[in-house]
Amino acid sequence: MYKFLSGWNNLVHYARMVPGITHHRIAEVVKLMGLENRIHDKVKTYSLGMRQRLGVAQAVLHKPRLLILDEPTNGLDPAGIRELRDYLRLLSREEGVSVIVSSHLLSEMELMCDRVAIIQNGRLVDVRSTKELVQAGGRSAVVFEVSDTKLAHQVLAQNDGAYPAELQQEGIVLQLDREEIADVAALLVHAGVRIFGIRPVTTSLEDKFLEMTGSDQIA
């Protein structure tokens, strides 16, 4: 961006490079990216987050079907990252643009993306929906926070080994499907064990990435 020009004049300059982009379209993009209040200020007065938004506005002036961004959240504070994430989702929803983001900030990609492609040493390892990647199908680990972990473990051990449990600091951990969670809860309550909470043990995108690529390798 030309810092001595206003945000509006920057967009006008880039609009001239593609035939058919009107001032109405520029105003439309400015509104979409939430830049109305500062668009006539010089870019040198913009925060990094505003410059990122202006850059995205410039990129979508001609209504592309695909937008590719490399580390778009680099250098942004938490508020700026969230703001840019929300605008990219809005852009996808309102303009029908597919957005491909390249980043090593896996926790942020987990919040931003619908699908994730993992690349290692220039090779595409896997492409899955984010939800599918972090949530295992079928049985999954479930933590029961109970009043007496030893009693709970004994009760489950006496049930013909149907529910092998592991004692951990946060409670009893079992590998269960959806129906079995209700069965185990009923079994423990019947035995006099008080249950304070039941929650799944989720795997982060970072954990899954390291599992698939190997934590000792550069990916």
Side-chain angles (χ1 to χ4, degrees), residues 1-134 204-206 209 218-219:
M1 295 295 163
Y2 296 99
K3 295 180 182 179
F4 62 90
L5 294 176
S6 68
W8 178 269
N9 286 335
N10 266 282
L11 294 181
V12 169
H13 170 72
Y14 286 109
R16 292 181 181 134
M17 298 180 183
V18 181
I21 299 179
T22 65
H23 277 215
H24 176 74
R25 174 57 183 170
I26 297 174
E28 193 175 56
V29 169
V30 167
K31 183 177 181 180
L32 180 71
M33 298 306 297
L35 291 165
E36 305 104 301
N37 293 337
R38 298 288 307 281
I39 195 61
H40 295 292
D41 295 346
K42 290 186 177 181
V43 170
K44 66 181 179 182
T45 67
Y46 284 11
S47 66
L48 182 56
M50 288 188 66
R51 292 181 193 181
Q52 294 280 56
R53 278 192 278 154
L54 184 63
V56 173
Q58 176 259 314
V60 299
L61 278 172
H62 63 293
K63 295 187 177 182
R65 295 180 62 187
L66 176 66
L67 179 64
I68 301 176
L69 303 174
D70 181 32
E71 299 285 2
T73 58
N74 189 32
L76 297 183
D77 60 19
I81 290 174
R82 182 172 183 174
E83 188 177 72
L84 182 64
R85 180 174 71 233
D86 291 342
Y87 279 116
L88 289 177
R89 285 195 167 276
L90 180 68
L91 186 65
S92 177
R93 186 172 65 250
E94 298 293 329
E95 296 268 310
V97 180
S98 296
V99 183
I100 295 179
V101 179
S102 170
S103 179
H104 287 86
L105 298 176
L106 300 185
S107 58
E108 182 54 38
M109 294 304 97
E110 190 172 343
L111 295 172
M112 183 183 293
C113 300
D114 301 312
R115 286 190 294 168
V116 176
I118 294 177
I119 298 174
Q120 182 181 31
N121 298 325
R123 183 174 63 88
L124 188 62
V125 176
D126 202 355
V127 181
R128 295 191 210 172
S129 72
T130 309
K131 185 176 181 180
E132 180 187 355
L133 200 60
V134 300
S204 69
L205 183 58
E206 184 179 80
F209 175 84
I218 299 175

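What you see is a predicted model, and the numbers here were worked out from it, not measured in a lab.
Of all the heavy atoms in His40 and Tyr46, the pair that sits closest is N-OH, 4.5 Å. Closest approach of Ala117 and Val127 over heavy atoms only: CB-CG2, 3.8 Å. Ala59 and Pro64 get closest at one heavy-atom pair: O-CG, 3.5 Å. Between Ala57 and Leu35, the shortest heavy-atom distance links the atoms CB-CD1, 4.4 Å.
To the nearest 0.5 Å, atom NZ of residue Lys31 and atom CD1 of residue Ile39 are 14.5 Å apart. Note: Ile100 CD1 to Ile68 CD1 = 5.0 Å, rounded to the nearest 0.5 Å. To the nearest 0.5 angstrom, Met1 atom CE is 11.5 Å from Ser6 atom OG. We find the CZ-CD1 distance between Arg123 and Ile118 to be 11.0 Å, quoted to the nearest 0.5 Å. In this structure, OG1 on Thr45 lies 4.0 Å from CZ on Arg38, to the nearest 0.5 angstrom. Distance check: Ile26 CD1 to Ile21 CD1 gives 7.0 Å after rounding to the nearest 0.5 Å.
With Arg25 contributing its side chain and Leu61 its backbone, the two residues share a donor-acceptor pair below 3.5 Å. Looking only at distances, a side-chain donor or acceptor of Glu71 sits under 3.5 Å from a matching main-chain atom of His104. Judged by distance alone, the side chain of Tyr2 and the main-chain N or O of Asn9 form no donor-acceptor pair under 3.5 Å. Put simply, the side chain of Gln52 gets close to the backbone of Pro72: a donor and an acceptor are under 3.5 Å apart.
Side chains of Met112 and Val99 form no contact here, defined as non-hydrogen atoms less than 4.5 Å apart. Residues Met33 and Leu54 fail the side-chain proximity criterion, which asks for heavy atoms closer than 4.5 Å. Using a 4.5 Å heavy-atom threshold, the side chains of Val29 and Val56 count as separate.
Below 30°, between 30° and 60°, or above 60°: for Trp8 and His23 the angle between ring planes is above 60°, a perpendicular geometry.
A donor atom on one side chain and an acceptor atom on the other are not found under 3.5 Å apart for Thr73 and Arg85.
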Could you walk me through whether Leu11 and Gln58 pass the side chain to side chain contact (heavy atoms under 4.5 Å, CB included) check? CA-CA 6 Å; Leu11 294 181; Gln58 176 259 314; 3.9 Å; yes
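Surrounding CZ of Arg51 are more than 12 heavy atoms belonging to other residues, nucleotides or ligands, all under 6.0 Å away.
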